[in-house]
Each structure stands twice: as structure tokens, then as C-alpha cells.
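Everything numeric in this text was worked out from a predicted model, so none of it was measured. Order of the sequence lines fixes the chain letters, A, B, ..., with proteins taken first and strands second; residue numbering starts at 1 for each chain.
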Amino acid sequence: MGDESKDSTTVEDLIEFLKKLAVKELHNVSIEGDIEIEIDSQQMPALELFRAIGYELGMAGYHLMNASKMLGYPVEVFFQPVGEKGVMVEEKKEIIAELIREKFEETKVEYPGVIEEVTLGATKADGGSRGEVVKLGGERSLPFYLFDAEMPHAPKVTIDIFDMPITLAKSVRDHYQDVMEDPGEWAKKAVKEFNADMVTIHLISTDPLLKDTPASEAVKAVEEVLQAVKVPVVIGGSGNPEKDPEVLEKAAEVAEGERCLIASASLNMDWERIANAAKEYGHVILSWTQMDINNQKTLNRYLLNRVKFPRDSLIMDPTTAALGYGLDYAYTNMERIRLSGLKGDKDLAFPMSSGTTNAWGAREAWMKESPIEGDTSWGPREYRGPIWEIITGLTLALAGGDLFMMMHPGAVAVFKEITSTLFGEREGHVDKIEDWITLEVEE
Amino acid sequence: MKVKSPLEIYKYLPKTNCAECGYDTCMSFAANIIDRKTKPGDCPPLTRDEFRENLEKLNELTAPEIREITIGSGDRAVKIGGDDVLFRHDLTFFNPTALAYDVWDTMSSDELENRLSAIKDYRKFYVGEFINLDMVAVRCVSGDPEKFRETVKKASETGLPLILISFNSEILKAGLEEVSEQRPLIYGANENNWRKVAELALDFNVPVVIHSKDLDTLQSLAVTFSEMGINDIVLDPGTEPIGKGLQDTFRRVIQLRRSAIEGENKKVAYPIMVVPMTAWLVGKDKLSTTYWETIIASVFIVKYADIMILHSLEPYEVMPLAILKTNIYTDPRKPVSVEAGLREIGKPDENSPVFITTNFALTYYTVESDLTSAGINCYLLVIDTEGLGVEVSVAGSKLTANVINEAIEKEGVKDRINHNSIVLPGLAARLQGELEMVSGMKVLVGPVDSGRIPGWLEENWPPS
Ligand code: B12
Ligand code: SF4
């Protein structure tokens, strides 16, 4: 990649790369040398926004989406393996003449529990207007352990969109700038161009610290999105614990029958009001706790027992921390929740959602260079950012995540490629894998 | 580990509570063995002749389920394997996945030198220390033992543990003659060459990789090697980079580890090798192949690979992998805090700023190294938040105006400065008003990320 400290090199490489792929959208992309963003630390609203949706989206998206195409087939075999040349060695006493033939016994683990299967979205037949539905859950084994039990559904991706233009880094606008004024168009782009299985509309303008849009007005964005796309929709509030119950209640009402995911009910707000509305208008509820398996159990119980939420309508968000910033906690928390569910704890046997966009909060994902003396160069951030998002998501997919809230189109593409591969959906074999030994890698 | 209760260990200990091991009692020592925080050999009396049998017995009883193998020698020797559980929350994972980066014997000497120093010198600061890359994997591409020998020799000058790679035993031998005292790992034995490679492993007393995509064959090789007295074995079940082949690789790796730990199948209880660099067999361009190699590596860092061979040294691949392995192998039982108190960064005086942070290790080291790297002379007041980060501790009421004020008083902060002001982390902005009230100081709110303190200081310091 050349000298990483010079953006020009990076950009040239990129253009070179894009050329190779003959990416049609090239004319829409304006590549900027320096994409440093500044955050005004005194201005809390903007700050919260950045935390919620990530700092910056890189350039790599367009061509990474093509990664799968390139990886779909093996290259010709160029090199002959170095074989034994029939050198005679005098046999030593310890050397055994014949291989001792063994049989490796594969094991199969069966769990007593099953994760609830949850359907998002409702088609005409079920009283909604979605063109397709998304099913999550139904697992009887750990994720991708196809040798233990069939995994009914691959992980799905829902792309984050917002009900007002927000302060995004330059490179975010490169992907979304033409649609930021219009949640409907934004949603369309996420689905048509970036291949989202679902979209999440965040009603952040309702935040009293932002526009304080009244609930009745904010929900128009929900209607627009529902009109614009046929995929199932997630509806999020602004995260303000006072305002969210009212906003989500109204949103649930206007989306009646569409079986949206209402995000979210949380212990620090009036979860009962939110959940009651979600239930009344036929939606699915997102039960969100902050990295605490016991709190997750408690909130789920409240929703199931007090609100009498149907079991097939609950998804959990046990909180996502980025690679390097608590991913170990998030991973283990999710893995424990999933194992508890499989082992028969019915209070925890629900699909899980991950706010993978959080990965953009990690400084390694967005900062231009390391602020730390002695670090080897971090390299071009337009490549670092997406990979931070992918690994954060992938790690949690391996812990049992079912739904992934993401933003970078390139990250979405690669994430889908690897999860569908592990899900067994991708064909492809490489017979002579030993050839790596004698490969002369050309870069 | 075969034993589950301290009592089973206690019966073999000297029971004198002499405390030479650093624990007050033999019972406490036993409990710490169960937690894998110490090992039988650390009780000095046990190592004396009279207890030799007990020590042997204990070593056997407390050996980890997966064999632990040392590769290399000296400071940068690497241990792999040694795991006892399938899930990190059941104990912890031991010995982070060793990342080996490849060089080959048809590289020009310039290329080789550059690559070797890139591998050797890589550093990424994380939670108080620098993460380095672990090993060099030397592949024989030329088919020429002498060329290989030369390359191995150069690679050994890095001081990093080596993996010598060829299926040709003559070639491996040439490399071994050069570096066998440094205890390299040799790759590898397969169904065709196993006798000759086994001989090398025995003659040179080095650990060896056995390879087969067929797990029956792999277990056969393992048993045969073990029968010959070779126990430092690494299993390579073959890494297919794409499609159904990759899913099948996933199955093999998990089956091997599960069989060893849950199925108590000692025959395959060895460290596992995965080779993400097989991505380069199918990738067509650098960026997407680098991404795909990173992805394969990530899957198997999370799932049971003890050692892997990688190619790309692009920082956007190396850094996330280095951090991922650190995260997955972090001991979930360990407190992640540093001592609270007032630290001096550089040479602060009465005009220097005072920054507040928490005693979560990740937070503290990040902030401390940001300040040090930027050459800022200042005080850093580290608050005891029971090891929680800034935002978490504000949310959980561990970082409050009162707690900070107590620390200010206790450390005599006001006496050290003449500007009577103090800087809060951006994420603790909401404490500003109350802290001004209780402390009587001017409270400034710094940036959200401590990496931005230098720029912030330019605009906000000295306080008006
Ligand atoms: C890991 C984590 C946890 C871990 C904490 C592990 C630990 N040892 O800290 C656990 C699981 C224990 C946890 C618990 C809770 N958590 Co929590 N947790 C997180 C998470 C995922 C990452 C936080 C982190 O470690 N960041 C990395 C560190 C290095 O950042 P940092 O300390 O802030 O330091 C940086 C800056 O502050 C700055 N900085 C630091 N010092 C200084 C000093 C100066 C002068 C300056 C200028 C800058 C500066 O630079 C540093 C480097 O960038 C965040 C969500 C997220 N993705 O951010 C939620 C989060 C912080 N948690 C949250 C909550 C609510 C909680 C709980 C209260 C949940 C509950 N109801 O029980 C508990 C509280 C715990 C308790 N008992 O008190 C919320 C906080 C919401 C809010 N804004 O108020 C968050 C944001 C999640 C969310 N979106 O809801 N959590
Ligand atoms: S050193 Fe050995 S004998 Fe002494 S207290 Fe420790 S375990 Fe017991």
C-alpha cells in the first residue's frame, strides 16, 4: 500500500483498485485526501450521535462488496509440491514401520433447549405490507455447528438510517449523502445498493437535546420508510429515557400490523409502556440490557410475565462493545446467554441482536494515526474501519448473534459473505490446499 | 486438568503450611493450582527428593487437557496449547493464538530483510504493553536445501521462534542443522513422509506439525508419533479458504478440540494449527485477499486455533488480529484495574494541568500513553472506580463529584497547582457543575477521546 502517511498513495491505490473492478458507481464517489473529523466535546448531542452511529465510514465499501465474487473460485495451481525424493534413510529402532490406523470419532452435542424462532415483518396475508419476512432464531446448537443440528437461519443485517441529516464524517456522506434528507430514499439505498436484509430507522430527531420533534410528527419517517422498502423494519427511538416511551408508542401505532422490531425496552425507562404498545400493535420487542446476563433475564421475565409478551415476539440486545474495547465482555456475555438458552433456560432462549455499528467508536477504527509513540503505523483508516466493524460482528456471530445492526456497505458485504459461508450456503472447495507451502505470493 | 477439587491436590502436598510458595497455607496453594494460577513445581519442598513421587503424581493430575508446547528459546519463546475448557467463561483460555508470518526462500535478500524486520519490529500498544508478532514461518519454495538453509539462518537472526516448512525431510534437515537449538517447530509430517519427519523430530528433539484433512489419518499420525515417543505435536487439519471447504475446516477444528476436552480423547489433545494464508491460493487482488485472510484468522482465533500462519503484514490486518487474540485470551477472572492515586506525567509544575481518569487498566494505560506520547507535562488523578471505565463508572455512580473531590483532598491536588482548575474526561461532562460546587475548583471538560488532548490543550490551556 506504499507509504501510509501519505493519503495520496492510498487514494491512488484505491482508484487503481476500483478500476480493476470496473465499479460502476465510481462517478458517485468523491475521494478526499484528508478525512479527519473533529468532534466538539462540549456539544453533547453531537457527541451522543457519534457514539450511537459511529464516527466515520471509509471508502473501502464499494470494492469490498466485490470481494465475494473474487473469492468464489480457486486459481490455477502454479506450483508443483516438493515431494519426497526417495532418499533412503536407515531406519532407527524407535521408528515404527506402519502407521497405526485409528478412527476419529466425531461427537454430536444435543441440547435440550431451542431458541425461539421469531419472524420480523408481515406480508399482506398476515395483515402487513412487507414483500418478504425475516426469520431469526430456531437454533438447537451453537452458531454454525451444522454437525450438531441444522441451523435454520443465517445471521441477518439491518442497516442504520436516521430521521434527520446528521453530522457524519465526509466519508459517510460518500455513501449516504444524496439520501440523508429523505429517510425513504436512504432506506431504499440501504436495501437496493447495499443489500440490507432490513433497515433500522432511528427517530433521533425526537431527542429533546436535538430537534425535540413531537412523536406524532416524527413517526412520519416511519411511514415513509415502510412505503419506500418492502423489507421488515426496526424502529428505534433517540435513546432518551423520558421521551422514548411516547415516541415508540406512537411509532408502534402507525406501523400497526407490520411486525416491526421496536427498539427498545430497557430497564432504565418505562419498558412497560413501550412493550404494551409493541404488543398491542403486533410488533416484536427488543429487550436491551447492558452486558449483564442477570439483568437480561430479569427484563425478559418482566416482558414475558408482566406484559405477557408472546414468546415468539422477543429479541434480546445484550450490548455490543467494539474489538479492543470490551469485545471480550460482549462475546462472553452473549455466549453465556446462548448456552443458557440451549441448556434449557427459557428466559434466555431468544434470538440476539448486536449493535455492531458501535465498532466505529473504537479509535483504531477512525483515528488517522496512532497517538501513541512507538506504535507501528496503523495504516490507512479507510481499510481499518470496515474491518473493525466486520470482526466485531463476526466474533459476536460466533457467540450466537442473529441480527446485526451495521452501517458500512463494505463491512456488510464481507460480513454476509463469511457468515453465509459458515452457514454452509457458499459452494467452493480448494483441493490442493497444501500448495500454500510453495506459493510465491504476488502482491 | 483431571482434578476438580483442591482436596484432591492437598493430599499430595507436604501439609506444613511453610508458605515458601508464597501462599499462606498448603490448602490455599492447592486452590490456586485448581485455578491454574500456580503449578505443583512452585512448592519448593515438593521438589525435594522425598516428595518426588508426589510431585510426579501432581504433575500428571494437573496437566492441562491440551498439551502445552514451547516453541523457540529465550525471551521470545512462545507457548501454545495448554487449554482446559471449551468456553472462556468456564475458566480462561491460556496461551493466546501464536501468529506466525511467512517468508520464503526465493525472496530477494532485500525483500527478505524488510519482511523480517517488519515482523520483528511490529508493535501495538494495548492495555499497558506492546503486542508483538510471535513467530516467523519459513517456507521452502525453491526445493533447494541450501537456499532454505540460508533463509532459515537469516530468519533466526530475528530471535523469533521459527516454523520450518516443507514436506521434504532433506530440506527440513538442512534448516534444522542451522537452528535446532532454538527449538523451531517443523512442518510437517503427512501420510507420505511421516517416517522421515518423525526421525527428524526425534533426532533434533523439536516439536512437529502433523497434517491431514482426514481426521482418521490425523489421529493415526498422532498416535503413531506418540507411540514413537514424540509428544510435542501440533495438529493441522488443513485450512480450506472458501465455501463448503471453509465450513468443513470449521467442523474439523471444533471436532478436534471438543473430542480432546469433552470427549477426553487424549489421542488428539494437542494444539491446533490453522493456515489462513491459504486465502492467497484463491484471492486475486491484494485488498480483498488481505481482508479474507483476516476473516479466516478471526474465526479461528475465536474458535480454538493455537497457532496460525499468515501472510499479509498490512496494518489493517495485523492490528485487529493482534487485538482480537488478546481480547479472546484475556483472563476473565483477572481484575483489570491499576492503583488509584496522583501520577506525574513528564515533569509537571504548578502551571501544569490536572487530568482526571479512572483506574480501569484499559482506560488508564490509554490515557497515560496518550499524554506521554504527546510529551505533555501534567498530573493524572486516577480515581478508584473499582476497575471500570469512564462512561461505565459514571453510569454506575462509581465516578461522582464526591468521589473525585475526596481524591482531590486526599492527594493534596490544590497545593500542587496555582490555577485551581481540573480537567474532566469528555464522557464525564455531566459531573462538571456538581464537581465545581463541591470542590470549589474550576472544572474544565476535556475531549471525549484522550488521544485528542493535545489539540484540546492548544485551545483551552492555560485556563482563562
Ligand atoms: C465494557 C462495558 C462495560 C463493562 C465494564 C468493564 C470495565 N472494566 O469498565 C461492564 C460489563 C462491567 C459494564 C457495566 C455497566 N455498564 Co457498560 N459498557 C461497556 C462498553 C461496552 C465499553 C466501555 C469501555 O470500556 N470503553 C473503553 C474505555 C477505554 O473508554 P473510557 O474509559 O471511556 O476512556 C476513554 C475516554 O473516556 C477518554 N478518557 C478517559 N479518561 C480521560 C481523561 C481525560 C482528561 C480526557 C480528556 C479523556 C479521557 O479516553 C479514553 C480512550 O478513548 C460501553 C459501550 C461502548 N461501546 O462504549 C458500555 C456503557 C459505557 N455501559 C453503560 C452502562 C449503562 C453500564 C451499567 C450501568 C449497566 C447496568 N445497568 O448495570 C453497568 C455499570 C457497572 C457498575 N456496576 O457500575 C452505558 C452507559 C450509558 C451512559 N452514557 O450513561 C454504555 C455507554 C452502554 C450503553 N450504550 O448503554 N459495562
Ligand atoms: S510451599 Fe508447599 S508446603 Fe509450603 S505452604 Fe506452600 S504448598 Fe504447603
K.L.:
Which atoms of B:Y187 are under 4.5 Å from chain A, going by heavy atoms: the side chain, the backbone, both sets, or neither?
P.N.:
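For B:Y187, the contact with chain A is made by the side chain alone.
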
K.L.:
Let me know if B:T330 has heavy atoms under 4.5 Å from chain A in its side chain, its backbone, both or neither.
P.N.:
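The answer is the side chain of B:T330.
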
K.L.:
Hey, what do you get for CG (B:L86) to NZ (B:K303), rounding to the nearest 0.5 Å?
P.N.:
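If I round to the nearest 0.5 Å, the distance is 8.5 Å.
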
K.L.:
Chain A heavy atoms under 4.5 Å from B:T249: which part of the residue, side chain, backbone, both or neither?
P.N.:
neither

K.L.:
With the side chain counted from C-beta on, respond yes when A:L323 and B:P320 share a heavy-atom pair under 4.5 Å apart, and no when they do not.
P.N.:
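The answer is yes; the side chains approach within 4.5 Å.
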
K.L.:
Side-chain contact, heavy-atom cut-off 4.5 Å: A:Y145 with B:I254?
P.N.:
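In short, these two side chains touch, coming nearer than 4.5 Å.
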
K.L.:
Side chain from CB out, backbone as N, CA, C, O: work out which of these in A:L394 comes under 4.5 Å of a heavy atom of chain B, or both, or neither.
P.N.:
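Contact with chain B is through the side chain of A:L394 alone.
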
K.L.:
Among A:I391, A:D148, A:L142, A:I372, single out the residue with the greatest number of heavy-atom pairs under 4.5 Å to chain B.
P.N.:
A:I372

K.L.:
Please state whether the side chain, the backbone, both or neither of B:L362 comes within less than 4.5 Å of a heavy atom of chain A.
P.N.:
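The side chain, not the backbone.
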
K.L.:
So how far is it from B:L202 CG to A:I95 CD1, rounded to the nearest 0.5 Å?
P.N.:
5.5 Å

K.L.:
Given that the side chain runs from C-beta out, which part of B:F360 has a heavy atom under 4.5 Å from chain A: side chain, backbone, both or neither?
P.N.:
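Only the side chain of B:F360 comes within 4.5 Å of chain A.
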
K.L.:
What part of B:I295 gets within 4.5 angstrom of chain A, counting heavy atoms only: side chain, backbone, both, or neither?
P.N.:
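Both parts, backbone and side chain.
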
K.L.:
Identify which part of B:V268 has an atom lying under 4.5 Å from any heavy atom of chain A, answering side chain, backbone, both or neither.
P.N.:
side chain

K.L.:
To the nearest 0.5 Å, what is the distance between CD on A:E373 and CG on B:D370?
P.N.:
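A:E373 atom CD to B:D370 atom CG measures 11.5 Å (nearest 0.5 Å).
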
K.L.:
Only pairs of heavy atoms separated by less than 4.5 Å count here; which of B:T294, B:V275, B:T372, B:L246 has the most with chain A?
P.N.:
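That would be B:V275.
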
K.L.:
Measure distances from B:I296 to the heavy atoms of chain A and classify the residue's part below 4.5 Å as side chain, backbone, both or neither.
P.N.:
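Neither part; nothing is under 4.5 Å.
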
K.L.:
What residue in A:G324, A:S370, A:G424 has the most heavy-atom pairs under 4.5 Å with chain B?
P.N.:
A:G324

K.L.:
Please check if the side chain of B:E314 supplies one atom and the backbone of B:T290 the other of a donor-acceptor pair under 3.5 Å.
P.N.:
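Not confirmed, B:E314 side chain does not pair with B:T290 backbone.
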
K.L.:
Counting heavy-atom pairs closer than 4.5 Å to chain A, which one of B:G238, B:S369, B:A222, B:P454 comes out on top?
P.N.:
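Among the listed options, the one with the most contacts to chain A is B:S369.
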
K.L.:
Among B:L221, B:D121, B:N265, B:V299, which has the most heavy-atom pairs under 4.5 Å with chain A?
P.N.:
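Ranked by contacts with chain A, first place is B:V299.
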
K.L.:
Applying side-chain contact (heavy atoms from CB on, under 4.5 Å), run through B:Y316 and B:L287 and close with a yes or a no.
P.N.:
CA-CA 10 Å; B:Y316 58 90; B:L287 181 63; 3.1 Å; yes

K.L.:
Can a donor-acceptor pair be found, under 3.5 Å and without considering hydrogens, that links the side chain of B:R452 to the backbone of B:P447?
P.N.:
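Checked: no pair found.
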
K.L.:
Side chain from CB out, backbone as N, CA, C, O: work out which of these in B:F125 comes under 4.5 Å of a heavy atom of chain A, or both, or neither.
P.N.:
both

K.L.:
Could you tell me which portion of A:F415 (side chain, backbone, both or neither) has an atom closer than 4.5 angstrom to a non-hydrogen atom of chain B?
P.N.:
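No part of A:F415 comes within 4.5 Å of chain B.
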
K.L.:
Just so I know, are the side chains of B:R123 and B:I131 near enough to count as touching, which here means a heavy-atom distance under 4.5 Å?
P.N.:
no

K.L.:
Report which part of A:D431 has an atom under 4.5 Å of a heavy atom belonging to chain B: side chain, backbone, both, or neither.
P.N.:
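Answer is backbone: N, CA, C or O of A:D431 sit under 4.5 Å from chain B.
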
K.L.:
Are any non-hydrogen side-chain atoms of B:T278 and A:L439 less than 4.5 angstrom apart?
P.N.:
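Not in contact.
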
K.L.:
Could you tell me if the side chain of A:R363 sits less than 4.5 Å from the side chain of B:S450, heavy atoms only?
P.N.:
yes

K.L.:
Would you mind telling me which of B:W104, B:Y126, B:Y329, B:F87 has the largest number of heavy-atom pairs within less than 4.5 Å of chain A?
P.N.:
B:F87

K.L.:
Report which part of A:F144 has an atom under 4.5 Å of a heavy atom belonging to chain B: side chain, backbone, both, or neither.
P.N.:
both

K.L.:
Where does B:E317 contact chain A at under 4.5 Å (heavy atoms): side chain, backbone, both or neither?
P.N.:
neither

K.L.:
Output yes when B:R251 and B:E240 qualify as a salt bridge under the 4.0 Å nitrogen-oxygen rule, no when they do not.
P.N.:
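No, B:R251 and B:E240 are not salt-bridged.
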
K.L.:
Between B:D248 and chain A, with a heavy-atom cut-off of 4.5 Å, which part of the residue counts as in contact: side chain, backbone, both or neither?
P.N.:
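Neither part.
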
K.L.:
With distance as the sole test, does A:E369 use its side chain to make a donor-acceptor pair with the main-chain N or O of A:W378 at under 3.5 Å?
P.N.:
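Such a contact is found between A:E369 side chain and A:W378 backbone.
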
K.L.:
Among B:E227, B:M107, B:E191, B:R258, who wins on heavy-atom pairs under 4.5 Å with chain A?
P.N.:
B:R258

K.L.:
Spell out, as yes or no, whether a donor-acceptor pair under 3.5 Å connects the side chain of B:W292 to the backbone of B:P241.
P.N.:
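Yes: the side chain of B:W292 pairs with the backbone of B:P241.
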
K.L.:
Are B:R88 and A:E335 close enough for a salt bridge, meaning some N to O gap below 4.0 Å?
P.N.:
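No, no charged N to carboxylate O under 4.0 Å.
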
K.L.:
Below 4.5 Å from any heavy atom of chain A, which atoms of B:Y122 appear? Answer side chain, backbone, both or neither.
P.N.:
both

K.L.:
Among A:N268, A:L327, A:T392, A:L146, who wins on heavy-atom pairs under 4.5 Å with chain B?
P.N.:
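The residue among A:N268, A:L327, A:T392, A:L146 with the greatest pair count is A:L146.
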
K.L.:
Check whether A:L422 gets within reach of chain B through its side chain, its backbone, both or neither, counting any heavy atom under 4.5 Å.
P.N.:
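Both parts, backbone and side chain.
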
K.L.:
With a 4.5 Å cut-off on heavy-atom pairs, point out which of B:E262, B:R252, B:K213 contacts chain A the most.
P.N.:
B:K213

K.L.:
Give the member of A:S420, A:A399, A:P371 that has the highest number of heavy-atom pairs under 4.5 Å with chain B.
P.N.:
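Highest number of heavy-atom pairs under 4.5 Å: A:P371.
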
K.L.:
With a 4.5 angstrom heavy-atom cut-off, which part of B:L218 approaches chain A: side chain, backbone, both or neither?
P.N.:
neither

K.L.:
Look up atom CG in B:L281 and atom CD in A:E434, then write down how far apart they are to the nearest 0.5 Å.
P.N.:
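Reported value, rounded in 0.5 Å steps: 9.5 Å.
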
K.L.:
Any side-chain heavy-atom pair from A:T438 and B:F167 closer than 4.5 angstrom?
P.N.:
no

K.L.:
Below 4.5 Å, heavy-atom pairs only: which of A:V109, A:I433, A:N333 has the largest tally toward chain B?
P.N.:
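Among A:V109, A:I433, A:N333, the one with the most close pairs to chain B is A:I433.
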
